[in-house]
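Below is one structure, written out as structure tokens; comments come after it.
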Amino acid sequence: MTQTITRTGGAPGGDTNPLRAGVTSSRITDPCNVVFFGASGDLVKRMLMPAMYNLRLEDILPANFGIVGFSRCEWHTEEFRTEMRKSIDEFSRSGPAKDPLWSDFAKRLSFIPGSFDDKEAFAQLRAQLEANDADLGTAANRLFYLSTPPSLFGQIIDMLEEAGLGPNTNKTGWTRIIIEKPFESARALQAEVSKVFDEKAVYRIDHYLGKEPVQDIMALRFANVIFEPLWNRRYIESVQITAAETVGVEERGGYYDNAGALRDMIQNHVMNLLALVAMEPPVSPTADNIRDEKFKVLSALRPMDRSRIMQDTARGQYDAGSIAGKPVPGYRDEPNVNPKSNTETYAAVKLFIDNWRWADVPFFLRSGKRLQRKNSEIAIRFKGIPHRLFGEAGDSIDNNVLVMKIQPEEGVSLRFSAKVPGPKMHIRAVSMDFNYGTGFGVVSAPAYERLIGDAMRGDATLFTRWDAVQQAWEQVMPILETWQNTPDETFPNYSAGSQGPASSDRMFAVEGGEWRKI
Ligand code: BG6
């Protein structure tokens, strides 16, 4: 059963930020086992295990839980515990693991070495889960987290079913599965997943949805009266969604060279942001009502006409350059990248939503690696004023812009015009800023922490439903196919540390405007 604990957060005037007084701060998950497939990988090390530890530290994970690592690596349980302690020490947001919490946490970790087609290893996994149910009180609830390449999903799912670990054989508790984004054939993958797992048991993770400022998009829109009346084609001129990174492909060249920015970032993270910005108010905040609205808006996207791809999209690949004063190599010189690669490390797309609210409002989406600054944001640019009354010669009256800052800054900023003090009516653009950290006096928990906790509670609101995934794929497929079939002879076409390829400016040729500075 899911419980809710309310911590009072301290009385106003006490030592707690009054903005948080009385808020519910922890929702305990069900007792359960979490199985990480690909447990020796980077994601488990950097994100997932530190997230589990912090969930326990925050009392969100109940005392009766078990964590089983499964991977091809030849560890045994003791080594797994040692490795996981190292990863918590290095990456946990709460600092190194501490006793007595760590020793209790470590007792609940076990490891099964095996390849993903090894029947014997899956039989051992089952035995371990049953032992945990008896010894740790995990109540036959099972969350399988597939932190492996998507090409292995089908095999793992078949082996789970064969080992009697599928949802239909578990009559006592629940069985859920978390999968990361698919890159190759999303439809084929879906067919494999849905053979065994009902849609309600599938949690498709998009870690952007676990970021606090992303969750706040709905609060900003639907918990305030002042924005929504303006949130439409009558008042909004354009929307820009940016997910810019300074990192390159790091050690992931092998994967990235087959994915590219469009699949890696736009199809999932950026499209999810677009859906949250453009959807209609849901009738209630339940997972399915919210996901229904997200699906509707994605299905209203104007299909990308192949003849428009040249003017409505832009792609880039980074060359050598410098980031924060340090020289960095070009993409084609990164490890495991084809030296003649045609893969884009920057992608930009202009989209339209064909419905009453958004007809003809352009949505400009972009994402790239090795750009000047890390910066993810959504900028809503309102139309200009209908008639100018004020301003001296040389004053420009800028359009209002509402910016939802996702990272690294987390907050909301509204740009508006104000009079410069003095005898003349000079007008300048100023901004009103809200920052989550200083406003609420808390550091946001990492997205994976929130998402794993939600999956353990059975709350799918922040996970993507298959129909939305499919819709987003349909939108990007014509672009992908065109890009794959016509190599870009200008690659590499932007320097590391820059604003991206100059060619992306042509997307503004029809509507005017320009990209915001990253
Ligand atoms: C991942 C991509 O999904 O998101 C990476 O595969 C990218 O290539 C990462 O770097 C960005 O996430 P964040 O949270 O750092 O913006």
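Counting starts at 1 for both ligands and their atoms, in listed order.
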Paired with Phe36, the ring pair (Phe, Tyr, Trp, His ring centres under 6.0 Å) test is passed by just one of Tyr145, Phe70, Tyr448, namely Tyr145

Fill in: Tyr256 to ligand 1, any heavy atom closer than 4.0 Å
no

Per-atom filter on ligand 1: closer than 4.0 angstrom to a heavy atom of Lys369 are 5 (C), 7 (C), 8 (O), 10 (O)

Residue set satisfying salt bridge (Lys or Arg N to Asp or Glu O under 4.0 Å) with Arg315, at least two apart, ordered chain then number -> Asp488

Notebook entry, point to check: For Asp264 and ligand 1, does the shortest N/O to N/O distance drop below 3.5 Å?
Noted result: yes

Out of Glu180, Lys211, Glu245, Lys374, the nearest non-hydrogen contact to atom 15 (O) of ligand 1 is supplied by Lys374

Classify the ring geometry of Tyr208 against His269: parallel below 30°, tilted from 30° to 60°, perpendicular beyond 60°.
parallel

By salt bridge (Lys or Arg N to Asp or Glu O under 4.0 Å), Asp288 pairs with (sequence neighbours left out) Lys200, Arg291, Arg465

